[in-house]
Amino acid sequence: MTEITRTFAETRQRGRGRVGLVPTMGFFHEGHSALMAAARAASETVVVSLFVNPLQFNDRADLERYPRDLDRDLEIAREQGVDLLFVPPAEEMYPLEPLTRVEVARVADHLEGPRRPGHFAGVATVVAKLFAGLQPDFAFFGRKDAQQLAVVRRLVLDLSFPVTVIGRPTLREADGLALSSRNVYLRPDDRPQALLLSMGLFAAADLAEAGHFEASELIAAVRRVGSGEDFEYVTLASQDTAQPIDRIDRPSFLALAARIGSVRLIDNVAFDLVAGNVIGDRGIRLSAPSRLYS
Ligand code: PAF
């Protein structure tokens, strides 16, 4: 039985045994469900936080149109056996105008950082508040936001939060499109163009697994597949620092951002090194259309 909680204190007091936290902004899809399932398998108490965090939006229109549906989210949380759905009012998260920001230097310098000024400080600040206020043992994040994951891992290390951060694979539609709550704003006409993003990344992953480790080759493969796309960037970066790198010589990810219609999409494939071989994490594909559209 999933219960809604509204305060940090109440949520903390109800936790029993190891607590697994899934931080979210709601409008759940199968990517969130997979994080909840991973939390369920690892913890006695599963807490999902749902808060559309104004600090991380640098565009007011984007904040206002972020999709919201609490009844739908509660139903999905129940299906996943979540214990507590923490839905704090703004006064609980920010009782006064927040004067403190958590800035994770360098990790936020490239890729999304310069294009969304203040975004990662907003994310790091709210995640630090969730860790401090809820004191979870584990916290689960999707690898789709690879730079966010790097920011969170570094913030945990630098500030000694006693939490283990677990990154989980990206969930994708059967055709390869990475799941995102923002996909509900893609028009049917935009879909073929959106698909070229994951197709390009998969082509690059095939190359990497065949021994082509140079960033220039992998980036060229993505740009070739998506030749008509308006890419904001296509970059190979280190998983730890999110700094651009020239070749896959450490755990890394090939990331891109592009605007398709009115929606800005990001996607990536992660490269892990196993006994000197590169293994591309292309994510997990659904066999049926995502419930985002139902
Ligand atoms: O990934 C998200 O949904 C958000 O950035 C997060 C981590 C919940 C912080 O608001």
Side-chain angles (χ1 to χ4, degrees), residues 20-23 31 34-35 38-39 42 56 101-128 130-132 136-171 178 201 204-205 207-209 211-219 222 232-257 266-284:
L21 171 67
V22 182
L35 295 178
Q56 69 189 75
R101 289 287 186 286
V102 178
E103 296 263 5
V104 182
R106 293 214 289 271
V107 185
D109 277 359
H110 297 275
L111 310 170
E112 292 298 291
R115 286 151 182 107
R116 304 177 69 186
H119 169 69
F120 284 119
V123 170
T125 303
V126 82
V127 169
L130 291 168
F131 288 171
D137 296 282
F138 308 111
F140 297 81
F141 293 85
R143 281 187 121 178
K144 164 149 184 298
D145 295 302
Q147 189 174 15
Q148 168 172 284
L149 184 57
V151 164
V152 171
R153 285 193 193 284
R154 190 57 190 246
L155 123 83
V156 163
L157 192 78
D158 287 353
L159 300 184
S160 306
F161 279 110
V163 55
T164 303
V165 174
I166 297 165
R168 302 286 304 166
T170 300
L171 266 281
L201 289 170
L207 272 180
E209 286 176 341
H212 301 264
F213 294 173
E214 295 303 315
S216 55
E217 262 192 271
L218 304 174
I219 292 166
V222 173
E232 287 186 14
Y233 61 81
V234 184
T235 305
L236 180 71
S238 149
Q239 280 182 30
D240 286 345
T241 63
Q243 297 282 315
I245 53 175
D246 292 336
R247 64 191 322 269
I248 306 175
D249 53 7
R250 68 200 91 174
S252 51
F253 61 101
L254 183 63
L256 58 77
I266 61 169
D267 198 354
N268 73 82
V269 283
F271 298 122
D272 298 305
L273 293 166
V274 180
N277 295 315
V278 167
I279 309 287
D281 177 357
R282 298 166 177 78
I284 297 171

Considering residues at least two apart in sequence or located in another chain, which fulfil the side chain to side chain contact (heavy atoms under 4.5 Å, CB included) criterion with Leu130?
-> Phe8, Leu21, Pro23, Ser49, Phe86, Met93, Leu134

Check Phe271 against Ala208 and note the closest heavy-atom contact, atom names and distance.
-> CE2-CB, 3.7 Å

Could you grab the distance from atom OG1 of Thr125 to atom CZ of Phe120, nearest 0.5 Å is fine?
-> 12.5 Å

Which atom of Thr170 lies closest to which atom of Ala178, heavy atoms considered | CG2-CB, 3.9 Å

With salt bridge (charged side-chain N to carboxylate O under 4.0 Å, His left out) as the test, would you mind laying out the steps for Arg282 and Glu209 before giving the verdict?
-> CA-CA 12 Å; Arg282 298 166 177 78; Glu209 286 176 341; 2.7 Å; yes

Taking atom CZ of Arg168 as the centre, report whether more than 12 heavy atoms of other residues, nucleotides or ligands fall under 6.0 Å from it.
-> no

Would one find more than 12 heavy atoms of other residues, nucleotides or ligands at under 6.0 Å from atom CZ of Arg154?
-> no

Results of side chain to side chain donor-acceptor pair (under 3.5 Å) for Arg250 - residues two or more places apart only = none

Can Arg106 and Thr241 be said to form a side chain to side chain contact (heavy atoms under 4.5 Å, CB included), step by step?
-> CA-CA 7 Å; Arg106 293 214 289 271; Thr241 63; over 6 Å; no

Under the side chain to side chain contact (heavy atoms under 4.5 Å, CB included) criterion, do Leu149 and Arg143 qualify, and how do the steps go?
-> CA-CA 7 Å; Leu149 184 57; Arg143 281 187 121 178; 4.1 Å; yes

With rounding to the nearest 0.5 Å, note down the distance linking CD1 in Ile279 to CG in Asp281.
-> 10.5 Å

What is the minimum heavy-atom distance between Phe253 and Ala270, and which atoms define it?
-> CB-CA, 4.0 Å

Gln239 versus Asp272, side-chain donor and acceptor atoms under 3.5 Å | yes

Minimal heavy-atom distance between Val222 and Ala204, with the atoms involved, is CG2-CB, 4.0 Å

Smallest separation among heavy atoms of Leu236 and Ala215, with atom names | CD2-CB, 3.7 Å

Give the C-alpha distance, both sets of side-chain angles, the deciding distance and a yes or no for side chain to side chain contact (heavy atoms under 4.5 Å, CB included) between Phe213 and Val278.
-> CA-CA 9 Å; Phe213 294 173; Val278 167; 3.4 Å; yes

Using atom types as modelled and distance alone, determine if a side-chain donor or acceptor of Gln243 lies under 3.5 Å from a backbone N or O of Ser238.
-> no

Considering all heavy atoms of both residues, which atom of Ile245 and which atom of Ser252 are nearest to each other, and what is their separation?
-> CD1-CB, 3.7 Å

Test side chain to side chain contact (heavy atoms under 4.5 Å, CB included) on Leu218 and Ile248 and set out the steps.
-> CA-CA 10 Å; Leu218 304 174; Ile248 306 175; 3.7 Å; yes

Side-chain heavy-atom pair Asp145, Ile266 within 4.5 angstrom cut-off | yes

When rounded to the nearest 0.5 angstrom, what distance separates NE2 in His119 from CD in Gln148?
-> 6.0 Å

Could you tell me the separation between the CZ atom of Arg247 and the NE2 atom of His212, rounded to the nearest 0.5 Å?
-> 12.0 Å

Side chain proximity check, Phe141 to Val165, heavy atoms < 4.5 angstrom = yes

Taking the side chain as C-beta and beyond, is there a heavy-atom pair between Val102 and Val126 under 4.5 Å?
-> no

Distance, nearest 0.5 Å, that separates CG of Asn268 from NZ of Lys144 = 8.5 Å

Rounded distance [0.5 Å steps], CZ in Phe138 versus OG1 in Thr164 | 5.5 Å

Any donor-acceptor pair under 3.5 Å linking the side chain of Gln147 with the backbone of His110?
-> yes

